[in-house]
Amino acid sequence: MSFYLTIDQGNSEAKIALWEGTELMDFRMEPSLTPAKVAAFAGERTIDGAIYCSVAREDVVIMRHLRHNTRKAMRLNPDTPIPIRVAYRTPSTLGADRVAAAVGAWSDFKGRPILVVDAGTAVTCDYVDPDGVYQGGNIAPGISMQLRALHEFTARLPLVPFPEDMPRLCTSLMGRDTREAIALGVVQSVLAQIDYYRKRLPEGTVTVLGGGCGHHLASVCDFEATVDEHLVSKGLNRILLYNSTLSTK
């Protein structure tokens with residue numbers, strides 16, 4: 001029985017997941033990650049491998065803990081071997097979370113063209129072709145960021161909370177008051193963005209929605225999409241397993 005630990009350090013919180021092979025055993029979101037919390041999450045299990053990725057700077061304390069308490073610890077960086085090929089012109093600037101999400105989607109839909117949408121603080125739309133080549137993608141503000149920007153960069157627009165009940169909100173095409181107009185405008189802009197890309201990619205492209213807002217968007221989109229809230233964590237685990245296989249050859 002082999003256990004693996006993945007840590008995705010985002011802008012606002014860390015997502016920590018425990019895997020037995022490719023099966024997700026446990027998952028937790030931590031606003032502030034510490035070695036003690038990582039140790040408590042792992043419990044008495046022997047961790048065969050751990051991988052850490054961050055959209056910000058590396059947490060050296062967490063990495064030190066992983067190196068001292070797991071059999072193999074690694075940080076996802078541009079030099080890390082991964083099971084897909086990256087055709088990005090500047091791989092050193094490509095977010096590790098985008099790479100991991102692409103690998104996670106590819107692990108489920110090998111041989112298919114894939115639109116990988118990670119909807120969190122930002123919305124990233126990336127394309128992996130049928131040959132497993134990451135061809136690039138685009139970045140836009142996420143829902144909460146747009147809501148905050150409309151409030152902070154205008155004189156009178158209110159700060160509207162994240163619309164948790166999107167199906168109810170989207171029964172209307174147009175907002176009937178200012179708060180509804182803001183919420184609808186933001187949600188529909190993100191949906192339209194995703195639909196724009198999927199219509200211009202090859203026929204048969206699979207749309208995979210990940211990130212904290214993925215399941216919310218899936219509840220109101222009018223096109224077929226697969227939701228995987230653990231997309232980045234899954235990709236990190238597949239990268240870790242891929243490197244474990246390389247080390248045994």
Side-chain angles (χ1 to χ4, degrees), residues 1-11 13-86 94-110 114 116 118 120 126 128 132 134 208-212 214 226-249:
M1 186 179 299
S2 297
F3 292 105
Y4 301 95
L5 193 68
T6 64
I7 298 177
D8 168 25
Q9 179 64 65
N11 289 296
E13 59 197 355
K15 299 174 183 177
I16 180 170
L18 178 72
W19 304 80
E20 183 181 345
T22 59
E23 182 180 354
L24 180 63
M25 303 297 293
D26 199 2
F27 178 81
R28 186 175 301 169
M29 299 175 70
E30 290 284 357
S32 178
L33 195 61
T34 65
K37 290 179 180 178
V38 175
F41 181 78
E44 298 300 318
R45 305 175 185 90
T46 297
I47 304 299
D48 291 274
I51 185 169
Y52 171 90
C53 87
S54 174
V55 297
R57 61 179 178 83
E58 177 181 342
D59 189 325
V60 294
V61 175
I62 294 297
M63 280 305 304
R64 186 182 303 120
H65 172 83
L66 295 177
R67 292 190 179 106
H68 289 169
N69 294 279
T70 66
R71 291 177 174 172
K72 177 181 175 62
M74 58 188 297
R75 183 183 192 274
L76 179 59
N77 60 51
D79 297 320
T80 304
I82 60 175
I84 63 174
R85 186 166 68 85
V86 174
L94 178 59
D97 55 336
R98 294 172 67 191
V99 173
V103 172
W106 172 251
S107 70
D108 287 335
F109 296 100
K110 290 180 181 177
I114 312 167
V116 187
D118 192 3
D126 298 297
V128 181
Y134 173 88
V208 182
L209 299 178
T226 298
V227 182
D228 189 341
E229 62 181 318
H230 303 302
L231 190 60
V232 172
S233 297
K234 177 187 288 183
L236 289 172
N237 182 55
R238 297 309 192 273
I239 292 169
L240 184 58
L241 293 174
Y242 179 73
N243 280 269
S244 297
T245 301
L246 292 178
S247 65
T248 60
K249 291 183 178 179

(request) Starting from the C-alpha separation in whole Å, work towards a yes-or-no answer on side-chain contact (heavy atoms from CB on, under 4.5 Å) for Val116 and Leu231. (result) CA-CA 9 Å; Val116 187; Leu231 190 60; 3.8 Å; yes
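Shown here are the salt bridge (charged side-chain N to carboxylate O under 4.0 Å, His left out) partners of Asp228, two or more places apart in sequence or in another chain: Lys234.
When all heavy atoms of Val103 and Pro83 are compared, the pair lying nearest together is CG1-CG, 3.7 Å. Pairing each heavy atom of Phe109 with each of Val208, the nearest pair is CE1-CG2, 3.8 Å. Considering all non-hydrogen atoms of both residues, Ala17 and Phe41 come closest at C-CE2, 3.7 Å. What you find for Ala102 and Ile84 is that their closest heavy atoms are CB-CD1, 3.9 Å. Closest heavy-atom contact between Cys53 and Leu76: CB-CB, 3.9 Å. When all heavy atoms are compared, the tightest approach of Gly21 to Asn237 is O-ND2, 3.0 Å.
Remark: side-chain polar atoms of Asp97 are not paired, donor with acceptor, to backbone N or O of Gln9 under 3.5 angstrom. In this structure a side-chain-to-backbone donor-acceptor pair under 3.5 Å is missing from Tyr134 to Asp126. Asn243 places a side-chain N or O within 3.5 Å of a backbone atom of Pro81 that can act as its donor or acceptor partner. Arg45 places a side-chain N or O within 3.5 Å of a backbone atom of Ala42 that can act as its donor or acceptor partner.
With contacts defined as side-chain heavy-atom distances shorter than 4.5 Å, the pair Ile239/Ile51 qualifies. Contact of the Arg71 side chain with the Phe3 side chain is not registered, since no non-hydrogen atoms from C-beta on lie closer than 4.5 Å. The shortest distance between side-chain heavy atoms of Leu236 and Tyr4 does not fall below 4.5 Å.
Between the CG atom of Asp59 and the CG atom of Leu33 there is a distance of 7.0 Å, given to the nearest 0.5 Å. The distance from atom CG of Leu66 to atom OH of Tyr52, rounded to the nearest 0.5 Å, is 9.0 Å. Here the CG atom belonging to Asp118 is positioned 8.0 Å from the CG atom belonging to Asp8, to the nearest 0.5 angstrom. Atoms CG and CH2, from Leu240 and Trp19 in turn, are 11.0 Å apart once rounded to the nearest 0.5 Å. With rounding to the nearest 0.5 Å, the separation of CD in Glu20 from CG in Asp48 is 10.5 Å. Separation of atoms CZ (Arg28) and NZ (Lys15) is listed at 15.5 Å; rounding is to 0.5 Å.
Each of Val38, Thr6, Asp26 was checked for a side-chain contact (heavy atoms from CB on, under 4.5 Å) with Ile16, and the lone residue meeting it is Val38.
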